[in-house]
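Right, one structure below, let's go through it.
From a predicted model like this one, the values you see are computed outputs, not experimental measurements. Each chain gets a letter, A, B and so on, in the order its sequence line appears, and its residues count up from 1.
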Amino acid sequence: MGLQEQKQHFSVNLLDWYMVNRRDLPWRRHNNPYFTWVSEIMLQQTRVDTVIPYFNRFIGNFPTVQALAEAPEEDVLKNWEGLGYYSRARNLQAAARQVMELHGGEMPQDKPAVFALKGVGPYTAGAILSIAFNQPQPAVDGNVMRVLSRYFLIDEDIMKGSTRVLMEELAGELIPEGRARDFNQALMELGALVCTPKAPHCLTCPVMEQCSGRIAGRELTLPVKTKAKPPRPEQRLVAIVEGRGAHRGQVLVRQRPDTGLLARMWELPHVLAAPAAASKKAAPLADEPAMALLAGSLWAEGFAARPEGLATHAEHVFSHIVWSLQVYKCTEQDQSSELPLIAAEARAAYDAQAATREGTASSSAVSPESDTMHSSEPGTPNAQNIATSLNDGEMLAPSDVSDLVLSTPTLTGKGDGLTYRWIGPEDMDKMAFPNIFLKLISSYFAGAYDQVND
DNA sequence: AAATCGGGGTG
DNA sequence: CACCCAGATTT
């Protein structure tokens with residue numbers, strides 16, 4: 001068969017199949033460019049079933065571009081909580097403000113203007129232009145590259161940028177006249193429902209007859225894709241600090257920096273236990289030094305807390321990092337009278353353990369990442385900085401750690417400080433937390449860590 | 001071109 | 001357990 005014939009077979013049969021088999025999805029019920037836009041951002045690297053409830057709630061709370069543009073960013077982030085890739089939420093709102101200022105609140109319809117919106121790349125621009133405005137632009141995502149690589153037996157590595165460009169040219173040629181809206185969605189629908197990654201349903205595929213990949217027996221080996229680098233392991237020590245006195249019934253949380261991992265999300269305080277010098281692998285730290293490090297870090301950030309014992313272990317997997325968390329239940333201590341005692345005990349506990357470990361034992365650095373830290377909450381103890389030159393993941397000699405634990409906090413009054421807050425259960429519905437901390441804090445408020453072993 | 005950026009479903 | 005998902009942005 002000729003290539004042109006193969007292309008026509010594909011377009012005609014795929015489109016016919018889609019008109020019968022298309023799913024009824026919330027963003028397909030109205031032809032609203034704003035709905036299309038929001039859905040496409042949410043669907044980036046995220047499954048349809050996951051997105052549906054988020055989309056419905058988001059549109060309910062922010063029904064128009066203007067409503068989104070005028071909302072507090074905190075509310076937008078809260079609506080994104082648990083969906084991941086939180087820069088999507090912040091970019092989406094920034095783009096809504098772009099649309100208000102540059103386009104009077106109406107979605108632009110020309111490619112340069114759509115592409116210029118924050119968070120809109122090659123795929124999403126094509127998706128918006130074709131789905132919302134029926135413009136003959138390709139929308140090449142992972143589904144499309146998988147379908148095309150199989151049907152046309154394309155051996156190019158789909159991780160390469162040049163391959164995506166090649167696919168876009170091909171996908172553009174396949175769009176039937178005047179049918180970009182349906183055809184582009186058909187292409188993705190086929191990838192999601194039939195031409196699936198591991199076990200494609202070739203027997204029910206509308207284009208199986210002329211699928212070069214299937215005919216060659218290559219449907220399971222396509223697309224060609226270089227393997228991703230495995231995520232690096234990190235051991236982290238987490239504090240659930242139970243408030244006393246004025247903070248009774250509350251727990252200590254902090255907000256992450258404006259950029260980087262989980263930007264502007266709230267979390268429990270935690271420190272990185274640096275990998276052992278020899279193996280360079282993250283390994284659990286014994287409870288005593290772990291609690292000493294945690295007490296020392298909290299102290300250095302302006303909080304007096306006594307670690308009581310291990311509450312639980314937890315794991316959180318990112319694309320590029322795996323957090324193994326040791327979670328310790330701590331209690332807030334009276335600042336003036338008991339703090340020196342806490343520091344001394346922390347040092348004694350650390351030294352006792354360090355003596356039993358060979359060479360350079362595991363140690364810690366402040367987190368998150370390389371940001372310097374100090375408390376900025378009025379009413380808390382003095383703002384301090386543990387060590388401005390200390391980067392996340394750097395090694396510390398045990399003696400340095402002891403010094404840190406015993407060091408007298410000093411005000412720096414500079415740099416981007418993290419905001420710490422004491423919160424109760426009622427505060428959880430306004431602040432956005434990553435899922436791992438959402439679970440840990442909810443469990444704490446539910447009484448799950450009431451008794452710990454110390 | 002390679003890293004960074006979440007979280008969960010699937011075989 | 002590995003793989004991948006309606007990718008974009010930064011370096």
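The side chain of A:Asn143 approaches C:dA6 more closely than any other nucleotide in the set C:dA6, C:dC5, B:dG6. Closest approach to the A:Asn91 side chain among C:dG7, C:dT9, C:dC3 is made by C:dT9 (side chain taken as heavy atoms from C-beta onward). Here the nucleotide nearest the side chain of A:Lys198, chosen from B:dG6, B:dG9, C:dC3, is C:dC3. The nucleotide whose nearest atom lies closest to any side-chain atom of A:Trp27 is, among C:dA6, C:dA8, B:dG8, C:dA6. Candidate nucleotides C:dC3, C:dA6, B:dG6 were compared by shortest atom distance to the side chain of A:Tyr86, and B:dG6 ranks first. Side-chain proximity of A:Tyr85 to B:dG6, C:dA8, C:dC5: nearest is B:dG6. Counting only heavy atoms from C-beta on, A:Asp141 has its side chain closest to C:dA6 among C:dA6, B:dG6, C:dA8. Comparing B:dG7, C:dG7, B:dA3 by their closest approach to the side chain of A:Lys229 singles out B:dA3.
Distances shorter than 4.0 Å separate none of the side-chain N or O atoms of A:His320 from OP1 or OP2 on B:dA3. The phosphate of B:dG6 (OP1 or OP2) has no side-chain N or O of A:His316 nearer than 4.0 angstrom. For the OP1/OP2 pair of C:dG7 and a distance below 4.0 Å, the side-chain nitrogens and oxygens of A:Gln45 include at least one atom meeting the criterion.
Ion pairing between A:Arg29 and A:Asp24 holds under the 4.0 Å rule for side-chain N and carboxylate O. A salt bridge is absent between A:Arg179 and A:Glu177; no separation between the charged side-chain nitrogens and carboxylate oxygens falls under 4.0 Å.
Not a single donor-acceptor contact under 3.5 angstrom links the side-chain atoms of A:Thr124 to the base of C:dG7. For A:Thr50 against B:dG7, a side-chain-to-base donor-acceptor contact under 3.5 Å is absent.
Side-chain atoms of A:Gln235 do not come within 3.5 Å of backbone N or O of A:Leu285 as any donor-acceptor pair.
The P atoms of B:dA3 and C:dA6 are separated by 25 Å, rounded to the nearest whole Å. Separating the P atom of C:dC3 from that of B:dG6 is a span of 22 Å, rounded to the nearest Å. Nucleotides C:dA8 and B:dG8 are separated by 22 Å at their P atoms, to the nearest Å.
Comparing A:Lys227 and A:Gly191 along DNA chain C, the residue whose closest nucleotide (by nearest heavy atom) sits nearer the 5' end is A:Lys227. Summary of the strand contacts: A:Lys160 and A:Ile436 both lie near DNA chain B, and taking for each the nucleotide with the nearest heavy atom, the more 5' one is attributed to A:Lys160. Comparing A:Gly260 and A:Gly161, the nucleotide of DNA chain B nearest to each residue sits closer to the 5' end for A:Gly161.
Residue A:Val48 is in base contact, counting any heavy-atom pair closer than 4.0 Å across all strands shown. No contact: A:Ser87 has no heavy atom under 4.0 Å from any strand. A:Arg264 comes within 4.0 angstrom of nothing in the nucleic acid, heavy atoms only. Across all strands, A:Arg164 comes closer than 4.0 Å to no nucleic acid atom at all (heavy-atom distances). As judged by a 4.0 angstrom heavy-atom cut-off over every strand, A:Leu25 is placed among the base-contacting residues.
Side-chain contact annotation: A:Glu40 with A:Gln44, donor-acceptor N/O pair under 3.5 Å absent. Donor-acceptor pairing under 3.5 Å is lacking for the side chains of A:Tyr444 and A:Asp450.
Atoms CZ (A:Phe115) and P (C:dG7) sit 15 Å apart, rounded to a whole Å. Distance, A:Asp258 CG to C:dT10 P: 14 Å, rounded to whole Å. In this structure, CG of A:Leu83 is placed 13 Å from C1' of C:dG7, rounded to the nearest angstrom. Atom CD in A:Gln44 sits roughly 20 Å away from atom P in B:dT4 (whole-Å rounding). Taking atom CG of residue A:Leu92 and atom C1' of nucleotide B:dC5, one finds them 16 Å apart after rounding to whole Å. As rounded to whole Å, 15 Å separates atom P of B:dG8 from atom CH2 of A:Trp80. Spacing between atom CG of A:Leu262 and atom P of B:dT4 amounts to 14 Å, rounded to whole angstrom units. If you take CG of A:Asp49 and C1' of B:dG9, they are 9 Å apart, rounded to a whole angstrom.
When side chains are defined from C-beta on, A:Val194 does not count as touching A:Pro200, because their heavy atoms never get closer than 4.5 Å.
Using cut-offs of 30° and 60° on the angle between ring planes, the pair A:Phe10 and A:Tyr151 is tilted.
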